[in-house]
Amino acid sequence: MSKRVSLTQYLVEQQREHDNIPAQLRLLIEVVARACKRIAIAVNKGALGEVLGSAGSENVQGEVQKKLDIISNEVLIEANEWGGHLAAMASEEMDEIHIIPNRYPQGEFLLLFDPLDGSSNIDVNVSIGTIFSVLKKPTNHEGVSEADFLQPGNQQVAAGYCVYGPQTTLVLTVGAGVVMFTLDRELGGWFLVEQDVQIPADTKEFAINMSNMRHWAPPVKRYIDECLAGTTGARGKDFNMRWIASMVADVHRILSRGGIFMYPWDAREPSKPGKLRLMYEANPMAFLVEQAGGAATNGQQRILDIQPTKLHERVSVILGSKNEVERVTAYHEKAGKP
Ligand code: P6P
């Protein structure tokens with residue numbers, strides 16, 4: 001068997017060839033990857049680790065926190081605090097940003113994460129994941145505040161996720177395509193399994209929570225109705241449906257074999273943008289999907305161009321195979337903006 005390339009070797013070679021991974025960013029990626037290994041161990045223990053079930057608290061989203069949500073958040077905070085690569089962190093599980101304490105050196109990057117996405121799946125042993133996004137701290141002032149995080153997704157310098165499934169796989173972009181590393185548990189290291197990931201422009205597979213159908217706006221309803229009509233309808237081909245209710249798992253399938261993922265706004269309240277979080281779910285996933293040749297919009301505009309106004313703001317998400325996302329956008333334009 002040919003020698004597998006480790007994450008460290010990949011990052012060193014990328015830096016040597018493309019000069020696109022400065023030392024602090026390489027440290028950041030390796031620290032996050034190490035934290036994901038620790039999260040994977042806790043997740044894989046399940047009931048044996050007494051980490052299942054609710055923590056009896058709520059997060060800023062008003063969602064009941066699982067024990068593993070809090071554990072994963074603490075693992076990422078502790079792993080990243082001391083390295084000197086960050087100025088601050090933001091998390092789905094924390095109301096406020098976490099500024100690096102004075103006892104550690106300040107770095108040039110901002111790290112945002114959803115420490116354990118898909119929590120409703122934890123107790124039923126279905127794939128979940130960690131999502132992360134990296135921004136540069138603005139250099140035009142001293143100190144760091146929440147306002148420094150409010151940058152559009154097109155400013156990300158890196159993004160990725162780790163899916164805790166049958167394999168534990170780290171998926172990463174630094175703006176030069178998408179690569180995948182799988183964890184070798186015997187060696188305790190990440191090894192390259194896919195490079196230059198490409199999403200097919202067309203698909204026969206859609207992902208949406210069908211129980212919300214009565215709340216969909218006309219363009220979404222039209223798109224899904226045509227998928228359901230299959231060969232008897234306008235699309236002239238049959239579609240399959242998947243909904244794992246774990247964005248990391250659904251996006252990983254789309255990066256692996258194509259598809260479209262939709263979490264649209266509720267037509268009864270068009271002013272409410274949607275369920276998913278912009279800064280640490282939609283932006284990193286949109287960066288990955290676009291780097292793999294796909295598209296990601298909120299139904300009307302490119303997700304990566306959205307100017308955030310709040311750290312925990314939400315957004316509608318339509319992402320995946322380019323031709324399918326563009327079809328939904330076209331239906332929007334015909335139906336008029338929501
Ligand atoms: P629903 C998980 O809670 C999450 O944030 C995403 O990972 C997932 O795609 C979505 O919500 C599932 O939402 O309404 O189908 O449970």
Side-chain angles (χ1 to χ4, degrees), residues 36 39 43 52-55 57-73 76 90-94 112-133 153 159-165 169 171 205-217 220 224 241-256 259-269 272-289 294 296-299 303 311-320 325 328:
C36 289
I39 293 169
V43 164
L52 298 185
S54 165
S57 52
E58 277 193 358
N59 62 16
V60 64
Q61 329 287 342
E63 293 166 342
V64 172
Q65 289 179 305
K66 301 279 192 180
K67 288 177 190 166
L68 272 172
D69 283 325
I70 295 174
I71 292 167
S72 304
N73 192 62
L76 283 159
S91 166
E92 180 189 74
E93 300 302 332
M94 301 187 300
L112 303 95
F113 46 82
D114 179 355
L116 205 57
D117 178 70
S119 303
S120 61
N121 287 312
I122 293 175
D123 298 347
V124 295
N125 201 14
V126 170
S127 298
I128 49 184
T130 297
I131 310 172
F132 65 94
S133 168
Y161 62 79
C162 184
V163 53
Y164 310 111
T169 297
V171 180
E205 204 158 58
F206 68 91
I208 193 167
N209 182 337
M210 295 293 283
S211 68
N212 297 325
M213 184 183 288
R214 62 190 181 287
H215 306 322
W216 294 341
V220 174
I224 298 296
M241 194 211 97
R242 289 284 183 275
W243 187 251
I244 306 176
S246 178
M247 187 184 196
V248 170
D250 280 315
V251 170
H252 192 71
R253 183 190 59 254
I254 288 169
L255 283 170
S256 304
I260 184 169
F261 171 98
M262 304 170 84
Y263 211 111
W265 67 99
D266 184 327
R268 298 169 300 175
E269 301 175 285
K272 281 178 73 176
K275 169 181 184 181
L276 302 179
R277 269 66 63 161
L278 174 61
M279 298 303 294
Y280 36 78
E281 287 178 338
N283 273 343
M285 291 312 201
F287 190 16
L288 286 162
V289 163
T297 77
N298 64 357
I303 282 177
L311 185 62
H312 298 291
E313 81 179 62
R314 296 172 185 260
V315 69
S316 291
V317 178
I318 315 257
L319 63 74
V325 173
V328 176

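FYI, side chains are in, hydrogens and waters are out, and symmetry mates aren't considered; it's all heavy atoms of this structure. Starting from 1, each residue takes its place in the sequence as its number. Numbering of ligands and ligand atoms starts at 1, following listing order.
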Counting C-beta onward and ignoring hydrogens, is there a side-chain heavy-atom pair between P264 and W216 closer than 4.5 Å?
yes
Test item, S120 contacting ligand 1 (heavy atom, 4.0 angstrom)
no
Say whether, by atom type as modelled, one donor and one acceptor occur between the side chain of N121 and the main chain of I244 under 3.5 angstrom.
yes
For ligand 1, which is the ligand I care about here, please tell me if D250 has any N or O atom under 3.5 Å from one of the ligand's N or O atoms.
no
Give the numbers and elements of all ligand 1 atoms closer than 4.0 Å to a heavy atom of R277.
5 (O)
Apply side chain to side chain donor-acceptor pair (under 3.5 Å) to the pair N283 and S133, showing each step before the final yes or no.
CA-CA 7 Å; N283 273 343; S133 168; over 6 Å; no
Using a strict cut-off of 4.0 Å, indicate which atoms of ligand 1 neighbour a heavy atom of E281.
5 (O)
Judged by atom type as modelled, is there a donor-acceptor pair below 3.5 Å linking the side chain of R314 to the main-chain atoms of G274?
no
I'd like to check which ligand 1 atoms, numbered from 1 as shown, lie under 4.0 Å from a non-hydrogen atom of N209.
1 (P), 14 (O), 15 (O)
Any carboxylate oxygen within less than 4.0 angstrom of a Lys/Arg side-chain nitrogen, looking at K66 and D69?
no
Per-atom filter on ligand 1: closer than 4.0 angstrom to a heavy atom of M247 are 6 (C), 7 (O), 8 (C), 9 (O)
Ring centroid separation for W243 and F261, is it under 6.0 angstrom?
yes
So if I count the atoms of ligand 1 from 1 in the order they appear, which ones are less than 4.0 Å from some heavy atom of L276?
5 (O), 6 (C), 11 (O)
For atom 14 (O) of ligand 1, the closest protein heavy atom turns out to be Y263 OH, 2.6 Å
So with a 6.0 Å cut-off around CG of N125, is the heavy-atom count from everything else above 12?
no
Identify the protein heavy atom lying closest to atom 13 (O) of ligand 1, giving its residue, its atom name and the separation to 0.1 Å.
K275 NZ, 3.0 Å
Out of D114, N121, D117, who is nearest to atom 5 (O) of ligand 1 when you count heavy atoms only?
D117
Check ligand 1 against F261 and write out every atom of the ligand that is under 4.0 Å from a heavy-atom position of the residue.
9 (O)
Expected output: side-chain H312 to main-chain M279 donor-acceptor under 3.5 Å
no
